[in-house]
2 protein chains.
Amino acid sequence: MGTTQLESVPEPKYWHLKTVLNDALDSEFEVGEILPNERDLAARFGVARATLRQALEQLELEGRLQRRRGVGTTVAPPRMGVAVGPSANSWPGARDAWETVGCVEAVAPAAIAALLGTGPDEAVHTIRRARVMRGQPVAAELLYVPPASVPGLPADLSPAAHAPAVLRELHALELEGEDRAVELGSARADDAKQLDRLPGAPVLVVTSRYYTGGRVAAASVSTYRADTCRLTFGDAGAFEVTHHQQDTRQAS
Amino acid sequence: MGTTQLESVPEPKYWHLKTVLNDALDSEFEVGEILPNERDLAARFGVARATLRQALEQLELEGRLQRRRGVGTTVAPPRMGVAVGPSANSWPGARDAWETVGCVEAVAPAAIAALLGTGPDEAVHTIRRARVMRGQPVAAELLYVPPASVPGLPADLSPAAHAPAVLRELHALELEGEDRAVELGSARADDAKQLDRLPGAPVLVVTSRYYTGGRVAAASVSTYRADTCRLTFGDAGAFEVTHHQQDTRQAS
DNA sequence: GAGTGGTCTAGACCACTGA
DNA sequence: CAGTGGTCTAGACCACTCA
């Protein structure tokens, strides 16, 4: 008789552990409930703590768990649907969900200068903004506006008046189009602090360009928490899904 | 005299290591070049292999490195810009970048049924597709079409004729709108195989809904490799950036 | 100060690739 | 077959939160 080889490629312990924990989260825990600590969990499953942590890390990446140092591991609520790029084109700062937290005029990094089509050593208005949903920070943004886009800007602005004035001048232009790109990144120290996460936390980086007169009038780099956010696009309204993304996928 | 406390919060070794490696990749390595193996690198930096791996994992997450078991670690090319959701609405399968690799009629998972508005035990056409760019797989997709959306579909189709017939019937409808959501996930075993990655690899999951007559006529879940792809949206063409995303961000 | 998650070590063995 | 990255262990100490 032959050997019963159910798994020609035996799955790693942490992968199996992740499946078991994922099912347990669905059936035995409520949103916000706190899990046993990592040392107890590892002992319960008979694995080393590092192996358990590998499973927890994946579940946190998928938005199922939330871990906070000094506190514990809790069951995360479903991801929030965050609207990005509404159907009606509009300038940043015009009736949007962001709040300005700072503004400086400084030389942008080379990649931003390439995006804007400005010279490598040219100073641009740099507005830092924050986005909050349901009382928690979901995104940090740097919005870049070349001086050439806002020629009517008054001189000698106070720091408090700087950002509003730049946005006001920007809104006077006709917005002809915008495009966006989304990619995975890890939070820099400054963004991480603003997002209430540790540096290196996974984030979705949205790079936007705003066009007027065939030129790029402004560009922004928005950093969204990947664990708590689902970015929504399009003209048919935000998704109403209440399940997690992994539930929407199955083997074919 | 006071102590000189340069770092009130000393950064972790792996974080510093990541910065050093990132800089070295820019200045001392070419795209495609192979790095020293992990044991040598760890010894060179005077850290344990696990610590080095933590830095490499982040760099891979950011698309800077590519690691292949049995081969080695290579310097990754810049991420590819992949167009998602073109300006002109169009049905899936109509002049798009996807290739059908399979088709079955099966009961969709509950979350998909909710997306489609079908009953929980209703069978839907499920088309598996693949997307390839520059000779390498970038995305795997499951496209769901309820039978109610394609009433004219002939009966008793051969497996080979199934998917083309469903798409043909779908294209006869008027597409009134579409919306999309993007979130972070980890590759399931089947998708991972199709994407030439290990299970659990980070992916960008794009959920799309296609509307006709105020109803959802079809829905799809597309799984993009997060390490190699930058998803582009909007009407102004794909981005032309040649730098990596982390270069586009700086502290404010 | 007790308890949590975050970092780090120094090993070991396994699965896979390619010569 | 030798060499690579992937998994796993059993510890240790640190940074942080909160009572």
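This is a predicted model, so every value here is computed, not measured.
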(request) Take the protein atom CD of B:Glu57 and the nucleotide atom P of D:dG6, then report the distance between them rounded to whole Å. (result) 8 Å
(request) Can you sort out the partners of B:Asp196 under salt bridge (Lys or Arg N to Asp or Glu O under 4.0 Å), two or more places apart, ordered by chain and number? (result) none
(request) Output all residues satisfying salt bridge (Lys or Arg N to Asp or Glu O under 4.0 Å) with A:Arg129, sequence neighbours left out; order by chain, then residue number. (result) A:Asp96, A:Glu141
(message) Test of understanding: with side-chain contact (heavy atoms from CB on, under 4.5 Å), list the residues that count as partners of B:Val20, not counting sequence neighbours.
(response) B:His16, B:Phe45
(request) Would you please name every residue forming a side-chain contact (heavy atoms from CB on, under 4.5 Å) with A:Ser27, sequence neighbours left out? (result) none
(message) Tell me the interatomic distance from A:Leu52, atom CG, to D:dC8, atom P, rounded to whole angstroms.
(response) 12 Å
(message) Pairing donors with acceptors under 3.5 angstrom, does anything connect the side chains of B:Thr228 and B:Arg79?
(response) no
(message) What is the distance, to the nearest angstrom, from the CZ atom on A:Arg49 to the P atom on C:dG3?
(response) 15 Å
(request) Ignoring backbone atoms, test whether B:Tyr14 places a side-chain nitrogen or oxygen under 4.0 Å from the OP1 or OP2 oxygen of C:dC8. (result) no
(request) Using only side-chain N and O atoms of A:Arg67, determine if any of them is under 4.0 Å from OP1 or OP2 of C:dG6. (result) yes
(request) To the nearest Å, give me how far apart CD (A:Gln54) and C1' (D:dG5) are. (result) 13 Å
(request) With sequence neighbours left out, write down each residue that passes side-chain contact (heavy atoms from CB on, under 4.5 Å) with B:Ala192, or none if nothing qualifies. (result) B:Ala187, B:Pro199
(request) Starting at atom CZ of B:Arg197, determine the distance to atom C1' of C:dA15, rounded to an integer number of angstrom. (result) 16 Å
(request) Side chain of B:Ala48 only, please: which of C:dA12, C:dT9, D:dA10 is the nearest? (result) C:dT9
(message) At a heavy-atom distance below 4.0 Å, what parts of residues 33-47 of chain A sit against DNA chain C?
(response) A:Asn37, A:Glu38, A:Arg39
Protein N or O to nucleotides 17-19 of chain C N or O, pairs below 3.5 Å:
none

(message) Taking the nucleotide of DNA chain C with the nearest heavy atom to each, does A:Ala50 or A:Thr73 sit closer to the 5' end?
(response) A:Thr73
(request) Using atom CG of B:Leu198 as one end and atom C1' of D:dT7 as the other, report the distance to the nearest whole Å. (result) 11 Å
(request) Any salt bridge (Lys or Arg N to Asp or Glu O under 4.0 Å) involving residues 48-57 of chain A? Give me the pairs, sequence neighbours left out, ordered by first then second residue. (result) A:Glu38-A:Arg49, A:Glu38-A:Arg53, A:Arg53-A:Glu57, A:Glu57-A:Arg67
(message) What is the distance, to the nearest angstrom, from the CD atom on B:Glu60 to the C1' atom on D:dG6?
(response) 11 Å
(request) Whole angstrom is fine here: how far is it from CG in A:Leu59 over to C1' in C:dG5? (result) 16 Å
(message) I want to verify a distance call: between D:dC8, C:dG6, C:dA12, whose nearest atom is closest to the A:Arg53 side chain?
(response) C:dG6
(request) Answer yes or no: is there an ion pair linking A:Lys18 with A:Asp23, defined by an N-O contact shorter than 4.0 Å? (result) no
(message) Could you work out, with side-chain contact (heavy atoms from CB on, under 4.5 Å) as the rule, every residue matching B:Leu61, not counting sequence neighbours?
(response) A:Leu184, B:Pro202
